[in-house]
Every structure is written in structure tokens, then in C-alpha cells.
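Okay, so here's the structure we're looking at.
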Protein chains: 2
Amino acid sequence: MVTIKDIAKKSGVSVGTVSNVINNLKSVKTKNREKVLEVIDSLDYKPNKIAASLSKKKTMNVGLIVPDVSSPFYSDLIKGISETLEINDYNIFLCASNNNLQKEEKVINDLLSMWIDGIILIPVYSKKRNLQFLETIEIPIILVNREIEGIKKDIVIFDNFGGAYEATDFLIKNNHKIIPILGGPELSKSFEERFQGWKEAMEENSLYENSLVFRGDFSVESGHKMMLEALNRIRSIDAVFASSDLIALGALSAIDEYKLKVPDDISVMGFGDIYLSKFLKPSLTTIRRPFYNIGKTAVSLLLDRISGNMQKKITKFIIKGKLEIRDSVKVSIDN
Amino acid sequence: MVTIKDIAKKSGVSVGTVSNVINNLKSVKTKNREKVLEVIDSLDYKPNKIAASLSKKKTMNVGLIVPDVSSPFYSDLIKGISETLEINDYNIFLCASNNNLQKEEKVINDLLSMWIDGIILIPVYSKKRNLQFLETIEIPIILVNREIEGIKKDIVIFDNFGGAYEATDFLIKNNHKIIPILGGPELSKSFEERFQGWKEAMEENSLYENSLVFRGDFSVESGHKMMLEALNRIRSIDAVFASSDLIALGALSAIDEYKLKVPDDISVMGFGDIYLSKFLKPSLTTIRRPFYNIGKTAVSLLLDRISGNMQKKITKFIIKGKLEIRDSVKVSIDN
DNA sequence: GTGAAAGCGCTAACAC
DNA sequence: GTGTTAGCGCTTTCAC
């Protein structure tokens, strides 16, 4: 292994000077700089960041904790985060919490002992959380996508309420009246917000009824099951608001089994815009979540915190979605 | 910040003893161990891995380089890698090469200066590569999914040839005769292998013809375009072998535009088994790539290399795919 | 079993 | 501008 000492010796300068060259600090005499650079090149020297970190007490690494590394939902989020961090010369430690609170806590602790400069956390969703724990962490930590009640940390979230309201309103404006919701679990805050958005739009038009609410989880299977139930229980469904694209997918196949046509017989509104939604037959009308931007915003926030030039007050970014009008919702001409 | 010194002082022992407690080394007197553990707990001390790494010359970190962090293709691979590494107490540096050779080289260099213990690399695909560069790296490096000609490194790849052969053979066995291939780019080795697999199966049955070959890239749009071309040029297509699921997706919509039915009029065979393939209408018959296992295998190899107890000879794992029979291929009864 | 101390590779403060 | 050196927090060797 070649170290800064070797470079210093062979260049005929001191380690301090070599360090200055490497870090572009101070003005090193051109002659020396060139000599040092030449030696570095000839010995294929790579500065040891571990040692530099220990000395500087700064690692230029940040930890990213996601509930599931393989989830297609987070891929764009991860991309936004990773690209933005990279531009700023930070590296990422990728960790998975596997949707498990204990694991999440373990992972955070692991990260802390690696002296990372900050954490971006997509929290595990759960009603009861050990708030204390997060509050004591000294380094900056940004929450993404899922809110934790009572935690005083910066956060970037998606506007679930507004998106669901817009989606439902769009259905209503296009002459749909009986619009059940195929919901996610009640303890999920993001679903709860989507539910509220749907409910508000429905109530404003005196369309709300308790019997229109179906509960399940975010999966395709659950969507399938809820849709069958809805078709069973409700006579003339105009449209269905699926609170996730996967649920919509399940709904689509259930409707297909009933020999009904989308959107002619029933319109289907998704939520989330996963990668393949536009390739489905019919392509899915849905609410796009700008995950890349959410990631980017989270990183900006984090870097501001790391640099320290930011007010103490915590910040909350609520990123709006966008309605993607495709083929699964019947649009009325007089709209 | 609380350090090992603080613990030592407060526990009334030396730093050496504290270190021994932390690392479960030697036998520390039970009394002392308990005292130290108690103090560690009370001060919420977290050992600094950076410092430990510098001292031990081992970081327990490995670098993972993927062409695109947001690609759904790699998500299961990343999961297999991350879960297997985690079990072994390693952490991951996630880096993206953005399908760019220069970027890939930069990222590798960045990783090297972080003193990681090894690298798992999904290489950028390209015909001309700077082999020299990879060969000089001192730490273990495992190639995954894409081969680089002439590089003497351990590698874990998917059996593209075998998978394509099996897929095509399945079509033929089910009475399909005119089976064009919707191909990827010629410079992609993995596609080239799929092409060869298709070709071999076709030739063995005297079904091969040059005019059955269509070239594009791996995208949905390309699949759509190639399929339209095929429908235009070839009279009675029995089935189509799409060399990726995305291509199959594009083909499906092109066939739909032609008012033809899958699988009644034309069968469609995909390749790759992406997440949503089984939710399409009709669900896609395809070759599943066991990415999770590929990732797991790569990690095993890497850890063996890191531990040093492995022969010098390089290893090449070729992981077989699995035919997923679903609805897009018409199965003959007499099969 | 335990303590003292050298040293991992680098940075930064200070003297010149 | 440059060299010297203390020190970052930890591990490990070697006395005791």
C-alpha cells in the first residue's frame, strides 16, 4: 500500500505539502505541485478516505434507509437521492429496514457508528414508534415519504390528500357518481390521507357513503379481492378509486373476470404511477408521484443541515402529484 | 462525542480492556466486562468504525456498482446482494455508473479510496473496455450479469443462451413454426446469447430464417416498432420471441393495434420476468431470471475471496433460468 | 487479565 | 510556501 508518506519522500516534499496538493489547499509552488502529481500518478496512489475522515471528523458519506431495496416504488426516489448526492461528492450507504422497526433501529445505529454525515430515512410505517430514539441522534436526519407523528425532524412527503382529491374530483367531473374506494390499511398514514382526499371530494358532491369504503392492503391480491367484493355488493359502480396502482391492477383483473370492460363499463383510477401502469391494457389513469424530485429535495435539505447554514426550525416539504390521464377512465365529452 | 477513552476512564479500566469487551476478545474478567458494558450503555457510546477500520485495515464495507439504481431489472439483484451482505455484517456502498464507462471507472476509483473490502460490479455494457484498469485492482471484485471479454475476474451470470433455447423450444413443441425474434442491440452480449439460443432451437427444427430476425433495443417502444415491422413483413406469424419482457410489452400493444388476439392469433414469449409480467392481460409467459440468487451467489464468492480461503483460479457461475408458463403462449393439447 | 504505548494514514495548526 | 508534529479513535503487541 502506498501512503502519503511515500509520495512525500519520492517527491522530495513534506506530507503537509502533499496533503495540500491533494486537497487543492493553499498555494503550493507549481513546481512542487507538478512533481507531487507526477509521483502520485506513477505510484498509482489513492488517498485513503478513511484516514482523512478520522482526521477531519467528516466522512462525506450519508446513510439511506429504505424499507425494501427491491421495491419498484422507491427506485426513482433512490435515483433522485443518489444522483443529487453524487453531484455533491457524497457517497451513499444503502440500508434496508425490511419494514421492521427493530431492524430500522439497528440499521440507524450501525450507520451512526460509521460516522456518516447525515441520514435520509424512509421510515417503516407503524403507529407506535420509539420517538425518543430518533430525537437523540446528533447528525442531521431527513424523513422521506412517510411521516412520523410527533417527530421533530425535517421531512419531505408527497401530497396524498391533494392527489386523491384531484383524482376523485376528476372522476366526478367526468360524470361518475358511484365511486367506491379500494383502500390500503388503516394504520398507514399515507393511505389515510388518500382516503380523506377521496372522502372530501365525495362529500362535497354529496356522493359519500360508508358502504363505498373497502379496506385491504397495498397489494395486487388485495385489490383483486376488494374489487370482487365491491362488484358483489354494489349494483352499478361507475368508477373505482384504487388507492395504489397495484390495487388498481388487481381491480382490473377482477373486473375482467366479471366480463366487464374498462373504461366502458367501469372506470379505474390508480394512484402512484408505477413504471408499468402506462403499458397496461388499458393504460392506467393515475396520480404520478414525483419521486425523483422528492429525493432531490430531501438531499438539498440534508446538505443544508449538514453545512449548518439553516435555521433551527424544522422544514416540511409537501410535494404535489400530477394527474396522468390515460385510458382506464372514461372521459365525458361535455367535460 | 464519547470515545473509548471516556469509557475506560469511567469504568476504571484501560482502553485496551474496553476494546476487548467491545470485540468480545480474550477473556475479560466478568466484573470488568459488566462494568464496561454498563458504562457504555449509560453514556450511549457507539464505537467508531472509521477509527477501527483505520486500525484494522478492514472496513466491512463493500461497494456495489449498478448501471442504473432505478432500473427494476436490478432491484431483486440488489436485494439478494444486500440481504446476503447484511447477514455477514457487511455494509454496502451503492454507486451508479449510469451506463457510462468513464463514470464507472471514476466510481471504482472513489470506492478504492474508501478502503472497501471488495466490489460487486454490474458492468456497463460495451464492446471496448479498458481491461488493464480492472486487472490492477488489488481488492476482490466480482462481476455480475454481464461478462467482459478477457477479464480474469470471478463472475456470476445468467444463462441467456439456455433460457432462450428453452423458451423457443417450448414454442416449437407447442406447434408454433413461424417464430420471429424481437431482438436487442447486437453489441449486447446477453442479447447475442439469447439470439443464439433462439437460433439454435430454430435451426434444430429447420425453422430458422434470416428474415425472422428483428433488431432494436431493450425498450417497450422498440418492441412495439419491431412487432409492427414483423406483422408488416411476415404473413402468418405463429409466435414471437421477445428477447426482453419490455419488448414483449411493446409487441403486445402492437398486436393489439392490429386487432389480433394473444395467444389465439399469436403467441408471445417474453424474457426476463419483470415484476408486472404476471399481471398483464394476458399474463406473460416468460423466462424468469433468478436475480436474487445471482446476487446471493455473487456475495458468497466475494466473501470467499475476501477471506482468502479460495483457490487462485477464477470461478464462473452460470445461473439457469426458469420457464414461467402463463397465458400469452397458446399451448397445444397434444403436447 | 490488564495497562501502556505505538501506530493505522491523514489533516491542520504552527513555526519558520 | 513548506516542514514538523500532535492528534483523530481505535486495535494490538508486549510487558507485567
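Chain identifiers are assigned alphabetically (A, B, ...) following the order of the sequence lines, protein sequences preceding nucleic acid strands; residue numbering begins at 1 within each chain.
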Q. Is a side-chain N or O of A:Thr297 found less than 3.5 angstrom from the main chain of A:Asn293, in a donor-acceptor match?
A. yes

Q) Quick one: does B:Lys103's side chain have a donor or acceptor within less than 3.5 Å of a partner on B:Ala96's backbone? A) yes

Q | Closest-nucleotide 5' rank along DNA chain D - winner of B:Ala51 and B:Gly16 | A | B:Ala51

Q) Ignoring hydrogens and angles, are the base of C:dG1 and the side chain of B:Thr17 linked by a donor-acceptor pair under 3.5 Å? A) no

Q: Determine: side-chain N/O of B:Ser14 to OP1/OP2 of C:dA4, distance under 4.0 Å, yes or no.
A: no

Q. B:Asn23 CG to D:dT11 P: how many Å, rounded?
A. 5 Å

(Q) Taking A:Thr59's backbone N and O only, do any of them form a donor-acceptor pair with A:Asp117's side chain (distance below 3.5 Å, no angle check)? (A) yes

Q. Of B:Asn32 and A:Val2, whose nearest nucleotide on DNA chain C comes first from the 5' end?
A. B:Asn32

Q. Taking only side-chain nitrogens and oxygens of A:Ser27, does any of them come within less than 4.0 Å of OP1 or OP2 of D:dG1?
A. yes

Q: Measure from NZ on B:Lys31 to P on C:dG1 and round the result to the nearest Å.
A: 15 Å

**Q.** Side-chain N,O (A:Asn20) to OP1/OP2 (D:dG1) below 4.0 Å
**A.** no

Q | Between C1' of D:dC10 and NZ of B:Lys58, the distance in whole Å | A | 16 Å

Q: May I have the distance from A:Leu25 (atom CG) to C:dA12 (atom P), rounded to whole angstrom?
A: 7 Å

Q: Ignoring the backbone of A:Leu54, work out which of D:dG1, C:dG9, D:dC10 is nearest its side chain.
A: C:dG9

Q) Taking CD1 from B:Ile50 and P from D:dG9, how many angstroms apart are they, rounded to a whole number? A) 12 Å

Q. Got a donor-acceptor pair under 3.5 Å from the side chain of A:Ser55 to the base of D:dG7?
A. yes

Q: Describe the nucleic acid contact of B:Val13 in one word from base, sugar-phosphate, nothing, applying a heavy-atom distance below 4.0 Å.
A: sugar-phosphate

Q | Side-chain N,O (A:Lys57) to OP1/OP2 (D:dG9) below 4.0 Å | A | yes

Q: Using atom CZ of B:Arg33 as one end and atom P of C:dG1 as the other, report the distance to the nearest whole Å.
A: 11 Å

(Q) Just the rounded figure in Å: distance from C1' of D:dT4 to NZ of A:Lys5. (A) 12 Å

Q) More than 12 foreign heavy atoms under 6.0 Å from NZ of A:Lys296: is that the case here? A) no

Q: Inspect the contact between B:Lys49 and A:Asp110 and indicate whether a charged nitrogen and a carboxylate oxygen are less than 4.0 angstrom apart.
A: no

Q: Among D:dG9, D:dC10, C:dC10, find the nucleotide with the atom closest to the side chain of A:Pro47.
A: C:dC10

Q: Find the distance B:Lys35:NZ to C:dT2:C1' and express it as a whole number of Å.
A: 17 Å

Q.
Can you tell me which nucleotide in C:dT11, D:dT12, C:dC10 comes closest to the side chain of A:Ser19?
A. C:dT11

